[in-house]
Amino acid sequence: MKSAALSALLSSTLSYASPPHLNLLRPATAVLCHSLLPTSTPNPFHTQLRTAKISASMSSSFKPEQARVPPAIPPPTPPLSKFKIGLCQLSVTADKERNIAHARKAIEEAVEKGAQLVLLPEIWNSPYSNDSFPVYAEDIDAGGDASPSTAMLSEVSHALKITIVGGSIPERCGDRLYNTCCIFGSDGKLKAKHRKIHLFDINIPGKITFMESKTLTAGGSPTIVDTEVGRIGIGICYDIRFSELAMLYAARGAHLICYPGAFNMTTGPLHWELLQRARAADNQLYVATCSPARDAGAGYVAWGHSTLVGPFGEVLATTEHEEAIIISEIDYSLIELRRTNLPLLNQRRGDLYQLVDVQRLDSQ
């Protein structure tokens, strides 16, 4: 009987939630110890007030504001609280003109289904190979005929009045090649350009070997951009493995991080969803990814599984490996809710560790 009573007490204690305005969980050990004493049960409201005062004191001594250097920027009020995103998981061929026309058709279909933001895959206009990158590369800055892929994105974003995170294409700039993502606003203008920061150089014997650095140059700057659908941080594929980049975007006030990517058949099943959910849960924001569809006959075979993850690390929408257009809703009010439920920003130990945003620090 005593064991059963104790078990029931523990169960009820751990599920007890405090009044909403305090947003605290009643400490289980404190309740258990008091309940076993031969005195009257303490007022739980007074217990929580004492706990809140201790927590505030501890938070102050932990210096959470110093965990982000410079201090974190709160997300700005987004132009939209709710909207639909379209993830276009596209098949990619060796025919560049076909790839461009096919991407346009997919964007138009996503908008017909209600998307106000469309995300394309990594390297959607070219086969994914070091041999192909120099051949398919475009001079994005020159525009026009020198960059037919981005010319299409500019035209369709303006025509349909949408925001496009244009996956990535090989970019030629002088004598260098980059893996580059372009973001277009609803006016058709290029709002930002992200060059892949972390190059995909790996060697897993018997599984996969790929060295992007044989042809590509690493980008030199994180990219965060204010759009008609909120503040968006951009990473490309391998960038998702580096949690510091996502933390930096969160500290700069991002609502959403978009990662066009093409994980392979070795690391895809193991890490693709895991990394997306980790970046979202760690930073309490949305993460969207978009992969090419799988082509088993290609030299590089993509895993697929384009996905939208919410700020609690929950998978909101995903697909398998075939070509698909995924439409899902983003609700930014959930970011504030999750950050209220789990106030990580106020609980960071600035007295023990720091994330230093070098660019922001140098600009001050």
Side-chain angles (χ1 to χ4, degrees), residues 78-80 82-92 96-97 99-126 138 140-141 143-144 146-171 178-196 223-237 239 249 254-262 286-293 306-308 317 323-330:
L80 296 174
K82 289 184 181 181
F83 64 93
K84 290 183 179 179
I85 183 172
L87 312 177
C88 298
Q89 184 164 289
L90 304 174
S91 61
V92 179
K96 185 175 182 179
E97 288 187 4
N99 294 336
I100 295 173
H102 189 59
R104 177 172 188 141
K105 183 178 179 181
I107 294 169
E108 291 171 344
E109 183 177 339
V111 174
E112 287 176 1
K113 294 179 178 179
Q116 292 171 272
L117 168 65
V118 175
L119 175 60
L120 297 184
E122 180 184 25
I123 307 295
W124 56 267
N125 71 343
S126 160
E138 301 182 5
I140 294 171
D141 292 339
S147 184
S149 299
T150 59
M152 180 276 289
L153 296 179
S154 173
E155 182 183 341
V156 74
S157 62
H158 180 257
L160 300 179
K161 306 300 179 187
I162 58 165
T163 300
I164 297 177
V165 176
S168 77
I169 65 171
E171 178 195 11
Y178 298 92
N179 186 342
T180 302
C181 175
C182 293
I183 300 90
F184 288 89
S186 60
D187 57 1
K189 294 182 180 179
L190 180 66
K191 298 183 74 69
K193 185 169 69 173
H194 177 77
R195 291 168 170 167
K196 189 173 186 176
T223 305
I224 191 163
V225 55
D226 287 314
T227 74
E228 293 87 345
V229 290
R231 181 168 291 180
I232 303 175
I234 306 295
I236 299 175
C237 200
D239 285 340
Y249 287 150
H255 302 101
L256 163 70
I257 306 177
C258 289
Y259 292 101
Y286 282 88
V287 166
T289 62
C290 192
S291 168
S306 302
T307 303
L308 176 68
E323 190 168 67
I325 296 175
I326 307 154
I327 305 296
S328 189
E329 185 175 76
I330 287 177

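Counting begins at 1 with the first residue of the sequence.
Nearest heavy-atom pair across K84 and I327 is CD-CG2, 3.9 Å. Taking both residues in full, the closest heavy atoms of F184 and T150 are given as CZ-O, 3.6 Å, listed atom of the first, atom of the second, then distance. Contact record, A115 with I162: O-CG2, 3.9 Å, taken as the closest heavy-atom pair. Residue S306 comes nearest to I326 through the heavy atom pair O-CD1, 3.5 Å, listed as atom of the first residue, atom of the second, then distance. Taking every heavy atom of both residues into account, G230 and P78 meet most closely at CA-CB, 4.3 Å.
Within a 6.0 Å sphere centred on NZ of K189, heavy atoms belonging to other residues, nucleotides or ligands number 12 at most. Few gaps surround NZ on K113; more than 12 heavy atoms of other groups in view lie less than 6.0 Å from it.
Proximity of D141 to K193: side-chain heavy atoms (C-beta onward) are separated by under 4.5 Å at one or more points.
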| Are I107 and I164 close enough, and set up right, to give a side-chain contact (heavy atoms from CB on, under 4.5 Å), and what steps lead you there? | CA-CA 9 Å; I107 294 169; I164 297 177; 4.1 Å; yes
| message | Test salt bridge (charged side-chain N to carboxylate O under 4.0 Å, His left out) on K161 and E228; report intermediate values, then the result. | response | CA-CA 10 Å; K161 306 300 179 187; E228 293 87 345; over 6 Å; no
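Here SG of C290 is found 6.5 Å from CD of Q89. Values are rounded to the nearest 0.5 Å.
Looking at T289, its side chain does come within 3.5 Å of a backbone N or O of T307 through a donor-acceptor pair. At distances below 3.5 Å, at least one donor-acceptor pair connects side-chain atoms of Y249 with backbone N or O atoms of I234. Between the S157 side chain and the T163 main chain, no donor and acceptor come within less than 3.5 Å of each other. Side-chain atoms of E122 come within 3.5 Å of backbone N or O of A262 as a donor-acceptor pair.
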